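Read the structure below first, then the notes.
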Amino acid sequence: MEEIRKRFIQGFFILIALIYVSRLFYLQVIDETYKLDAENNAIRKLIQVPFRGLVYDRNKKLIVSNTVVYDLYVTPKKAKVADTLRFCEIFGITRPEFDSLTHLARIYSPVRPSLMLRQLSRQDYARVQDAMVDYPGFDFQVSALRTYDSKAMANALGYVGEISPERLLKQEETGDDYYRQGDYVGVTGLERQYEEKLRGERGIKYMMVNSRGVEKGAFKNGAFDKDPIAGKNLITSIDINLQAYADSLMQHKVGSVVAIEPSTGEVLAMVSAPTYDPSLLSGRTYSKYFQTLNLNPLHPLLNRPPSAYYRPGSTFKIIQALVALQMGAISAGTGFGHGGSPINCSHNHPVASDVQKAIQYSCNPYFYQTYKRMIYKNNETNVFKKSAVGLEKWDEMVAKFGIGQSLEIDLPNEKKGKLPDVPYYDKMYGGQEKAPLRWKFSNIASNSIGEGEIIVNPLKMANVAAIIANRGWYYRPHLVKGIGKVGDIDEKYKEKISVGIDRRHFETVIGGMVAAVNNGTVSGDGRLSDIQMCGKTGTSQNRHGENHSIFIAFAPRENPKIAIAVFVENAGSGGAHAAPIASLCVEKYIKGHSDRKAIETKWMNKGYPINIIRTTPKSDNSKNPSAKKDSVVKKVDEELFLTTPQTLPLMGAEKPNTFKIPMKPKR
């Protein structure tokens, strides 16, 4: 018995010993991962940044690609520069810049490569190759530069820049470790919105180094290396020819053009004016050019369609008519005269005897009376409470058109705008909870014509045009129709959203929009003889200068192909200034060209520098008004609009030498 116990104990300890020996053998001989960790002091981990995904338009035309560039690295311990001035001349830097860059490299590490100059072009790289034999310790690494095949759509595309300290800190807080200082990321626009898709997957390369940090070759012949995977390509909904054309029409102007395909919610064009050359925010000119753009008082870096604030003006009357018809506050045949309205009519027109004529002539008193009927359409007897109850119902129905709501477009920095509600007016007029309301209809009457406290952006009004084109529904506007392949998008962009208005009411309103274009508030330059465009003009009040010009429309009337909103700041009436630009864009998209060449040239060259400059403080030059006017015009044309490309070629122009990432990059 004792012998059995003795053998059992011996066997147990032998088994434990075998387990430990086996585990040690596995860790030290078989599993190279642990060996790799143990040899960290002798192995350097190099991160390889992948190429960003390409960007295409809806017709698979390339918009953004990558050009191969070269980054210059210096290893201070190896570096020898016999003629510093010649080196500086070759690379186009000053002696103080050279001293500063090499000093920073030595601080980082005397034996490790340190980035000295970014993004040298192929031409620069070829030019300096022969001279590099005289400068040991300097080496090049291949990198990539964003290249733009079209100068259109700069604001919506956004740009790539060096990651900010704030963004790095935010990454650390979330436990992510993807980015490092000096990395490039999408800063604005689609580049930022789809950063995680565009950036790809980093590669890793392990290099053997000696005790002084000098590289001695690949570890295990690259067995543990991981090749970078290029980012996914974006297929946008943009028609780049329409985009470039609309950009050209908005030269010398401040404002926006947004065009949407009503049946899909796909954005066909998104113009923010003034714009800029996106290639100048890519590469070594970034810092200098960004500062110029950032200081420009016309804010060319602002993407106006989703972010700028305006009152909708008379374009809002379409929503008023639809909501009133649905509520039963009016019928299609309801008419109102001008009597009893404190809001005067700015148009000399016949009596608005029905809804269609009210829209045709954009009659202010008509929509004052319509809004009053909606607000007072309840059983409350107290005028203050009656106004609050009416406003709540009106808010609920107007919000369905996206007013005061986020449309969730696939862009950063979309602004909701403002749809004033009961709490808003309670606060404005000093009302308190459990205290009587202190405002009534007369205090909010300006909402009736799209003024007052209602705030929208151009994107929102283009979507309203799409809603009317669809007779009561819409898809959320979006600029990307596929990531890698068409159809691979967020499911929310495939959801059909109803605004809760009967289809028959839309037909009534559309009749008024047709009349507004053909025989109403739209000027002759804004009319199309062979395409039935349905539109509504608007003039948005502006306390800082001339009023803003607005026009929204869709075309053709049946089976609409395009819905559009045009905002031109400081221009005046919508029918005279925004409508012609919209009509040219509609004609270009539907027909592929414009037959109205004289009108096209006129509006490409049209500008409003005096109107815009009036919004800024006066100069001291008051002795010679004529000279002052001439200098103002020159200053605005040469400085404020300097960032707007003077020529915006359509696709098909000569393209730069680019490095194109395949749809399925090789591992």
Side-chain angles (χ1 to χ4, degrees), residues 249-250 252-258 271-274 297-299 302 304-305 307-320 341-349 359 361-368 403 417-418 445-462 464-465 516-517 520-523 525-526 535-553 564-583 603 606-618 632-633 636 640-641:
L249 288 170
M250 289 299 290
H252 319 302
K253 306 171 186 69
V254 177
S256 303
V257 177
V258 182
V271 175
S272 181
L298 298 184
H299 308 294
L302 173 66
R304 284 177 164 83
S307 302
Y309 277 164
Y310 307 89
R311 294 182 179 89
S314 292
T315 59
F316 191 73
K317 293 172 181 175
I318 297 175
I319 297 177
Q320 294 282 50
S341 171
I343 303 177
N344 296 324
C345 197
S346 56
H347 307 288
N348 184 17
H349 63 81
I359 294 172
Y361 301 122
S362 195
C363 181
N364 287 344
Y366 187 98
F367 288 97
Y368 169 86
I403 308 301
K418 185 189 297 180
S446 55
N447 291 337
S448 62
I449 58 171
E451 296 295 340
E453 291 72 42
I454 301 170
I455 301 295
V456 299
N457 58 42
L459 170 68
K460 209 172 292 292
M461 296 313 295
V464 168
V517 173
T521 53
V522 174
S523 68
D525 284 359
K536 181 70 189 76
T537 59
T539 305
S540 177
Q541 293 179 7
N542 174 28
R543 284 178 273 178
H544 305 291
E546 296 292 330
N547 291 331
H548 303 317
S549 178
I550 307 175
F551 184 69
I552 68 172
I564 192 168
V566 176
F567 284 61
V568 185
E569 295 184 17
N570 305 99
S573 70
H577 303 277
I581 295 171
S583 71
W603 288 97
K606 181 74 172 177
Y608 305 91
I610 290 297
N611 292 350
I612 293 168
I613 205 65
R614 280 174 182 159
T615 67
T616 62
K618 296 180 180 179
V632 166
V633 174
V636 173
L640 299 188
F641 291 100

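Everything numeric in this text was worked out from a predicted model, so none of it was measured. Note that these values count all heavy atoms, side chains included, but never hydrogens, waters or copies made by symmetry.
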_I need the single residue from Val456, Asn542, Ile550, Ile455 that forms a side chain to side chain contact (heavy atoms under 4.5 Å, CB included) with Arg311. Which is it?_
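Only match with Arg311 under side chain to side chain contact (heavy atoms under 4.5 Å, CB included): Ile455.
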*Ile552, Ile318, Val566 screened by side chain to side chain contact (heavy atoms under 4.5 Å, CB included) with Met461, the one that passes*: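 Considering Ile552, Ile318, Val566, a side chain to side chain contact (heavy atoms under 4.5 Å, CB included) with Met461 is found only for Ile552.
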Looking at [X] and [Y], what are the two nearest heavy atoms and their distance?
{"X": "Ala516", "Y": "Gly535", "result": "CB-O, 3.7 Å"}
{"X": "Ser272", "Y": "Pro305", "result": "CB-CD, 3.7 Å"}
{"X": "Gly255", "Y": "Tyr310", "result": "CA-OH, 4.4 Å"}
{"X": "Ile343", "Y": "Ala445", "result": "CD1-O, 3.9 Å"}
{"X": "Val522", "Y": "Ala579", "result": "CG1-CB, 3.9 Å"}
{"X": "Arg304", "Y": "Ser256", "result": "CB-OG, 3.1 Å"}

Separation between [atom1] of [X] and [atom2] of [Y], rounded to the nearest 0.5 Å:
{"X": "Tyr368", "Y": "Ser448", "atom1": "OH", "atom2": "OG", "value": "8.0 Å"}
{"X": "Lys536", "Y": "Thr521", "atom1": "NZ", "atom2": "OG1", "value": "5.0 Å"}
{"X": "Phe567", "Y": "Ser540", "atom1": "CZ", "atom2": "OG", "value": "7.5 Å"}
{"X": "Glu451", "Y": "Asn364", "atom1": "CD", "atom2": "CG", "value": "9.0 Å"}
{"X": "Ser446", "Y": "Gln541", "atom1": "OG", "atom2": "CD", "value": "8.0 Å"}
{"X": "Ile449", "Y": "Thr315", "atom1": "CD1", "atom2": "OG1", "value": "11.5 Å"}

*Quick check: does any side chain N or O of Ser549 sit under 3.5 Å from a backbone N or O of Ala578, one acting as donor and the other as acceptor?*
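Side chain of Ser549 to backbone of Ala578: a pair is present.
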*Using atom types as modelled and distance alone, determine if a side-chain donor or acceptor of Lys317 lies under 3.5 Å from a backbone N or O of Gly450.*
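No; zero donor-acceptor contacts below 3.5 Å.
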May I ask you to test the [X]-[Y] pair for a side-chain heavy-atom distance under 4.5 Å?
{"X": "Leu249", "Y": "Val271", "value": "no"}
{"X": "Phe367", "Y": "Ile359", "value": "yes"}
{"X": "Ile581", "Y": "Lys253", "value": "yes"}
{"X": "Val568", "Y": "His548", "value": "no"}
{"X": "Pro274", "Y": "Val254", "value": "yes"}

*With distance as the sole criterion, is a donor-acceptor pair present between the side chains of Ser362 and Ser314 under 3.5 Å?*
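Indeed, the side chains of Ser362 and Ser314 share at least one donor-acceptor pair under 3.5 Å.
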*With sequence neighbours excluded, give me every side chain to side chain donor-acceptor pair (under 3.5 Å) pair touching residues 572-583.*
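For residues 572-583, and leaving out neighbouring residues, the side chain to side chain donor-acceptor pair (under 3.5 Å) pairs sorted by first residue read His577-Tyr608, Ser583-Arg596.
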